[in-house]
Amino acid sequence: MPSDTLALGAGIPAPTTEAPWARRALMLAAFGFLALFLALPLASVFTEAFRQGPAAWLAALTEPDALAAMRLTLTVTAIAVPANVVFGVAAAWAIAKFEFRGKALLISLIDLPFSVSPVISGLVYVLLFGSGSLIGPWLAHHGVEILFAVPGIVLATIFVTFPFVARELIPLMQDQGTTEEEAALSLGASGWQTFRRVTLPNIRWGLLYGVLLCTARAMGEFGAVSVVSGHIRGETNTMPLHVEILYNEYNFVAAFAVASLLACLALVTLTVKTLLEIRYGAALAATRKH
């Protein structure tokens, strides 16, 4: 056996056989890519946001339409994320713990938002609830507003974000199996007690990881929300839509100010994710197994 396939004897494979220059080149390429496509755009956002000073930045964020966009974004996120947590846990439990007809179809439907453009997702709701649909006139007659109102924005956001929690939990729960739940049930625990005392503690870090991803996507969603919102300023514009309107009006400082706030929210999410991985690395690593 060639000597370069062993390290420290006894059949232990060498961790790498690349030359030092090759490793340095790969690292340089990776950091260069991140700098070009992540660090520089992020730096430009904050540079433009503070181009006219902190006073202009703060004024852009405290403007009534900006505040309305922030409230709507947080409201939609506060509704969509818990709904997806409930759906994600239920779907992961069903897929990982039971065998039933249609299981493959359910998995495919969960992955559907990953393969469909968000704009198409929004268009589906327009076709479903619009004035030309079967139920659109009935909803209008009874004063129920879905499109160009908060309910439509919530539905579109839920659609594009619902895979995140389920997709984090399914491989984790499949890896854990059903042994512990069966033991708890055999000892007289109810279904709710089994979930609360056995299943939930085992999936808590995977669940939290999925919630972070879902929250970040919900706050930054643009395509599907743009189709169903109607772009009513101060009423149905979320923060990403408000950034687009300000930019189209050549109000660049205000646009980048709101964009910088979105970037800060994304950085907070990334920081929390990183801290979780540092503090609970082994537990979080289990959620990534497939």
Got a sec: does the [atom1] of [X] have more than 12 other heavy atoms crowding it under 6.0 Å?
X    : atom1 : result
F50  : CZ    : yes
F100 : CZ    : yes
L134 : CG    : no

[X] side-chain N/O to [Y] backbone N/O, donor-acceptor pair under 3.5 Å:
X    : Y    : value
D175 : P171 : no
E249 : N251 : no
S133 : G130 : yes
H231 : S226 : yes
R217 : C214 : no

If I take atom [atom1] from residue [X] and atom [atom2] from residue [Y], how far apart are they, to the nearest 0.5 angstrom?
X    : Y    : atom1 : atom2 : answer
I135 : L128 : CD1   : CG    : 4.5 Å
T199 : E180 : OG1   : CD    : 8.0 Å
L213 : T161 : CG    : OG1   : 11.0 Å
M219 : T77  : CE    : OG1   : 6.0 Å
L105 : L109 : CG    : CG    : 4.5 Å
L265 : T73  : CG    : OG1   : 9.0 Å

Ring centroid separation F114 to F164 under 6.0 Å: yes

Would a line drawn from the ring center of F252 to the ring center of F256 be shorter than 6.0 Å? no

Applying salt bridge (charged side-chain N to carboxylate O under 4.0 Å, His left out), can you list everything that pairs with E48, at least two apart in sequence or on another chain? R51

Same cluster (ILVMFWY, side-chain, under 4.5 Å), [X] and [Y]:
X    : Y    : result
L106 : L169 : yes
I232 : M70  : no
V227 : I120 : yes
L208 : L270 : no
V228 : L112 : yes

What pair of heavy atoms forms the shortest contact from [X] to [Y], and how long is it?
X    : Y    : answer
F98  : K103 : O-NZ, 3.3 Å
G230 : T236 : C-OG1, 4.2 Å
A189 : L185 : O-CD2, 3.4 Å
V165 : N84  : CB-O, 3.9 Å
P41  : A35  : CD-O, 4.3 Å
P113 : I110 : CD-O, 3.3 Å

With side chains defined as the heavy atoms from C-beta onward, is the minimum distance between [X] and [Y] less than 4.5 Å?
X    : Y    : result
L261 : M239 : yes
L246 : H242 : yes
S229 : T238 : no
I203 : Q176 : yes
I95  : Q174 : yes
E221 : S121 : no
L207 : E168 : no
I245 : L241 : no

Taking only residues two or more places apart in sequence or in another chain, which ones pass side chain to side chain contact (heavy atoms under 4.5 Å, CB included) with S260? V45, F46, A49, W57

Apply side chain to side chain contact (heavy atoms under 4.5 Å, CB included) to residues L72 and N237 and explain how you reach the verdict. CA-CA 7 Å; L72 180 58; N237 276 338; 5.7 Å; no

List the atom pairs, donor and acceptor, that lie under 3.5 Å between side-chain atoms in residues 141-160 and the rest of the protein, sequence neighbours left out.
unit_1: H142; atom_1: ND1; unit_2: W138; atom_2: O; d: 2.9
unit_1: T157; atom_1: OG1; unit_2: I153; atom_2: O; d: 2.8

